[in-house]
Amino acid sequence: MLQEITDQFAPLMKRFAIFNLWEQRKTKAGDVSFAVVEEDSAAPTWDNSERCGIFATHDVMNKFSDVHDDGYRVVLEALARYITTAPALIHYRWDKDMEALGHERQLEAEDLLKPPLRYLMSGDGNKPNRNEWFIIPRCSSTYFTGRILHAEFVREKLGPVNHLDEANRHRIFIIYGLGGAGKTQFCLRYAEDNKSRYWGVFWIDASSEENAENSFASLGQQMGKGATFTGGMYWLSQCTKPWLLVIDNADDPEMDVSKYFPVGGSGHILITTRNPGAEIYATAGHLRFSGLEPEDAVNLLLKTAFPKDESPSPKSDSRRTAQKITSELGYLALAIANAGTSIRRNIYTLEMYLRHYLGHRKEMIVSKSISTADEANIITTWEIPFQRIASRRSLEYRDAVDLIHLSAFMHFESIPEAMFQRSWEGIETGKQLHVTHGLAETTSEWDEGSQFRLRTALSILYNYSIIDHDPKRGLLSLHPVIQRWAKDRLSETDQKRWLNAAVAVLAQCISPHMEASGQGFRRSLLPHIEACLRALKSLYNTVGPDTVERATEIERFAWVFAENGLWKRASSYQVDVLKFRAEKLGRFHMHTIEAQRSLAQSNLNLFDLIPCISAQRHILETNWYARPSFADWMTWPPWKPEHVPYCITLSDLTLSLWFAGKLDWSKRAGERAVKGLVKRLGPDDPLTLTAMFNLARTYHHLCDKHASRALLVEVLHKRKRLFGPNHPDTLMVRNELGMSFCVARERLPAAERLVSNVLAARKRILGEEHAYTLWSMNDLARVLTTRQRPDEAIAILDKVAPILRRTLGEAHPGMSMTKANLTQAYVRAGRWGEAETVLKEVLQVVPKDHPDWIVAKLGYIRVLIATERLEKAETDCLKVLNIIAKEKVLSADSPRILVIAEQLSLIYEKQERWNELEALKARYPLMDQPGKQQFNIRL
């Protein structure tokens, strides 16, 4: 019931401001102290929500007698913030509801009118709002002014939606110019003003190749295709409805921007860049942004400086002063907006600003980090308010300075507030991380005081227009020019100090337990991890760890890469961490062993099985010697230890050996792992359940269906109780149980229902192109083939194959699995020629010492027999039996050997070779027993 309520409430959470509070003082009842509601229950770690502890007992945590009571400030601050944002939010939702109502009325009118209204696709005309997707990082500034002619020019050059150029290409428009000229703000406003023209509006951060790929991955995840670059790109390429794609901050001259253009021609593309050479990508035109028109510049300055007043008349002294200021600022939009903020904040009056600005500019122009006068104009407008903030000695202003120093080394867009909250909470688990500074210090729990400090610091920076802050989404952003200025104004020593602090904050907010509930948050950290790694490379000339603390930080970054499928990136950092720890701490140290295990997991996910198994055997050997206590040496027999780290490694080896086809070794490792973990941790521990599941899969492929199914049923019941029915681990067991029924040809309707339900859940949770989703599609195809519905199976696999080819490559084992399942469907459908072609491809890829090569060869023999090529089939049967006997690829009692013998007996029967048939039956007496395993390939 609770799970059902949670599932129903989850889609509604984003519509509410949720702030969970919990008691930090236990309630006393006699001699017993306890928490009435535990923290995990009172304040679950949800995305899009806030949480904070109140230093009070349960019965008084929401009762305040005066302003100094515990929790009062944090509750007051949250309520005040919600009250402030409520009118705009209500207005926005009212507009959306009215828009939806109007659209509904329009549809009703169309139904009444005969003929119905036409939806013209060739031009823009008077059309209803067709927009369904509007994904941009933030709204345009409320002070945005001017650029009207530019917007009209861009719209004219892009032309009607769904209109292609002569070469059937996208309409691409390039906007280039100085940083701070207003390119991004122009695109934000253009997207808002033209939203109704496009079915979808999408935004790609191209400040680096990694960020561009992450943006497409986020798009793929939102559209249910999986969080991969190819998933997002492919989805957009397949869209036939009109879309607008903004590729922002594509400043790197070495970047090939064209690889971010989706295939097909249904879209308009806007590119912003500082690189004039990007003109070569334009198919619709280009525009250079420099300063605003003088009149627009003056209006912008006065609007930002005096937002509540009417602009002074054109002949007034204020307007003449504003004209002088904007002229000195080169009419650059960003510099003008910053100057207006400084005047609005009463740092200087309008009349005094110019004199003080010129003094600061003179100092800026000689700075080595400033290369042009225009850059000096922009930077000076930030230096003025920043020096005012830095000169204040109160705690909140010092926090604001610290926050800008930390943000200088993050990615400039979408820095989550939760990053700082979780780093506070990471003190107990992050003792090996660097000690950070100021606001980022993790010397206490995240409480109302910490929350108040962070919110106050954000408010100061926002009010001085140094950052953009979206309290509803809990995100802060900086203009890229501001971020570079914030970094360049520091000495090299201070840059290293604050970079270390930023790296520590990031690492501390990555939980060492990697809970599934925090996966979305950790994915949002990827751009900031990339930014810190680039800074480390720049300042230290290496990313490799040089201290124990840095090794822990890099290790956690690698975990996030691995969690998001970036296993090559993860393994490259894990190799560095392992090498450092082995030299610094020794091979037997627990952290060295942890690093080696993480690297082995990455190698497993890359299907690089030889180094994976080699590493796990090394870990096993290390754990054999490094036993936690003297009592662990007293187990009998002593050469078969049972301490937990040793058994966990055995469980890992069970899985790796299963992948490698070493089923007998996998079984031996799995049985020892289960026995030891049940004894040490109990049968309900998640680690024990993982070992039981790995062993169940090995039993399954050894054709011991009873042992396999008993373990699967037990693990399924316990995981459903512990994690719920849709947890990734639970879905894995449900899928495997369904395939157990399928292979045994028992309860086939139940098998189809189980696998279909898992597939639907994985599509919803992981996306259509996630590896596990594709695995379930393969398994569903196998079930359909077994149920005599090969055409449906072929249709599913025809969808899977191009996705695998595009995302993983032709040589990936998942592609071999798909081809093998496809051949089964072809055989069942009588399409022998296609089955033979695909089987030949599989036999070229699968290693000959793997059991699946034997199984593929068996499928090929069946095709030969069905097409009456008996001599070739006999030769292959004898060759396979000789390989099995020589290489011991399969155990002597493997059911698959009997199936091969059956094929040979079928050949002898067709050729009436009765003596040889009798000799074969004498050699394999179990051959005629019913219930043989059908050939299948499962890599």
Side-chain angles (χ1 to χ4, degrees), residues 10 13-14 18 44-51 135-138 202-229 231-232 248-249 403 406-426 440 446 454 458 467-478 480 483 502-535 553 556-566 569-570 765-767 770:
M13 286 178 58
K14 292 183 179 179
I18 300 175
T45 307
W46 291 331
D47 291 333
N48 305 308
S49 68
E50 299 177 84
R51 59 197 302 272
I135 304 175
I136 63 174
R138 60 186 180 278
F202 310 105
W203 197 279
I204 300 299
D205 169 20
S207 56
S208 70
E209 291 190 359
E210 295 86 357
N211 291 332
E213 292 182 4
N214 285 334
S215 295
F216 273 107
S218 296
L219 180 61
Q221 186 178 42
Q222 290 185 71
M223 302 307 163
K225 291 295 182 182
T228 62
F229 166 66
D248 191 30
N249 289 312
L403 191 59
L406 285 171
S407 301
F409 296 94
M410 307 292 181
H411 182 51
F412 57 83
E413 193 76 68
S414 300
I415 303 172
E417 290 179 29
M419 179 190 302
F420 302 100
Q421 174 182 344
R422 298 192 188 208
S423 68
W424 248 291
E425 293 171 341
W446 177 260
L454 176 61
L458 290 172
I467 66 167
D468 285 326
H469 182 218
D470 185 345
K472 180 183 175 185
R473 297 167 61 200
L475 299 175
L476 58 138
S477 302
L478 298 83
Q483 190 187 49
V503 169
V505 167
L506 267 176
Q508 285 166 345
C509 66
I510 299 169
S511 169
H513 306 295
M514 298 292 285
E515 297 88 349
S517 60
Q519 186 172 2
F521 168 74
R522 289 190 293 272
R523 174 163 188 78
S524 72
L525 300 180
L526 277 173
H528 309 295
I529 292 173
E530 297 279 11
C532 283
L533 291 174
R534 285 195 299 271
E553 293 159 354
R556 292 194 181 184
F557 294 168
W559 293 346
V560 178
F561 285 128
E563 182 180 47
N564 287 280
L566 303 172
R569 295 287 309 281
I765 297 169
L766 303 176
H770 192 279

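When a residue number appears, it is its place in the shown sequence, counting from 1. Every value quoted in this text rests on a predicted model; they were computed, and no experiment measured them. As a basis for the values below, the full set of heavy atoms in this structure was taken, side chains included, without hydrogen atoms, waters or symmetry mates.
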(request) Sequence neighbours left out, what passes side-chain hydrogen bond (donor to acceptor under 3.5 Å, both in side chains) with Asn214? Give chain and number order. (result) none
(request) Could you tell me which residues satisfy side-chain hydrogen bond (donor to acceptor under 3.5 Å, both in side chains) with Gln483, sequence neighbours excluded, listed by chain and number? (result) none
(message) Do the side chains of Arg569 and Glu530 get close enough for a salt bridge, i.e. N-O under 4.0 angstrom?
(response) yes
(request) May I ask you to decide if the ring planes of His528 and His411 are parallel, tilted or perpendicular, using 30° and 60° as cut-offs? (result) tilted
(message) If I compare all heavy atoms of Pro512 with all of Trp559, which pair ends up nearest, and what's the gap?
(response) CA-CZ3, 3.6 Å
(message) To check you understand the geometry: which heavy-atom pair defines the closest contact between Leu219 and Gly232, and what is its length?
(response) CD2-O, 4.3 Å
(request) Just jot down the side chain to side chain contact (heavy atoms under 4.5 Å, CB included) partners of Pro137, sequence neighbours excluded, or say none. (result) Leu188, Trp203, Glu413
(request) Could you walk me through whether Phe412 and Ser207 pass side-chain contact (heavy atoms from CB on, under 4.5 Å), step by step? (result) CA-CA 10 Å; Phe412 57 83; Ser207 56; 3.8 Å; yes
(message) Show the nearest heavy-atom pair for residues Leu406 and Ala502, with the distance to one decimal.
(response) CD2-N, 3.6 Å
(request) In sequence, state the C-alpha distance, the side-chain angles, and the governing distance for Ser407 and Leu476, and then conclude on side-chain contact (heavy atoms from CB on, under 4.5 Å). (result) CA-CA 9 Å; Ser407 301; Leu476 58 138; 3.9 Å; yes
(message) For Asn564, give me all partners under side-chain hydrogen bond (donor to acceptor under 3.5 Å, both in side chains), at least two apart in sequence or on another chain.
(response) Arg523
(request) For Glu417 and Pro471, work out which heavy atoms get closest and say how close. (result) OE2-CA, 4.3 Å
(request) State whether the side chain of Ser215 and the backbone N or O of Asp205 hold a donor-acceptor pair below 3.5 Å, judged by distance alone. (result) yes
(message) Tell me every residue that passes side chain to side chain contact (heavy atoms under 4.5 Å, CB included) with Glu563, counting only those two or more places apart in sequence or in another chain.
(response) Met514, Gln519, Arg522
(request) Would you name the heavy atoms of Cys509 and Phe521 that are closest together and state the gap between them? (result) O-CE2, 3.6 Å
(message) How close do Leu475 and Pro416 get, counting heavy atoms only, and between which atoms?
(response) CD2-CA, 3.8 Å
(request) Could you give me the CA-CA distance, side-chain angles and deciding distance for Ile136 and Phe202, then say whether side-chain contact (heavy atoms from CB on, under 4.5 Å) is met? (result) CA-CA 6 Å; Ile136 63 174; Phe202 310 105; over 6 Å; no
(request) Using side chain to side chain contact (heavy atoms under 4.5 Å, CB included) as the criterion, list what pairs up with Glu209, not counting sequence neighbours. (result) Met255, Lys259, Tyr260
(request) Determine yes or no for a side-chain-to-main-chain donor-acceptor pair under 3.5 angstrom, with Thr228 supplying the side chain and Ala217 the backbone. (result) no
(request) List the steps, then state whether side-chain contact (heavy atoms from CB on, under 4.5 Å) holds for Phe557 with Val503. (result) CA-CA 10 Å; Phe557 294 168; Val503 169; 3.9 Å; yes
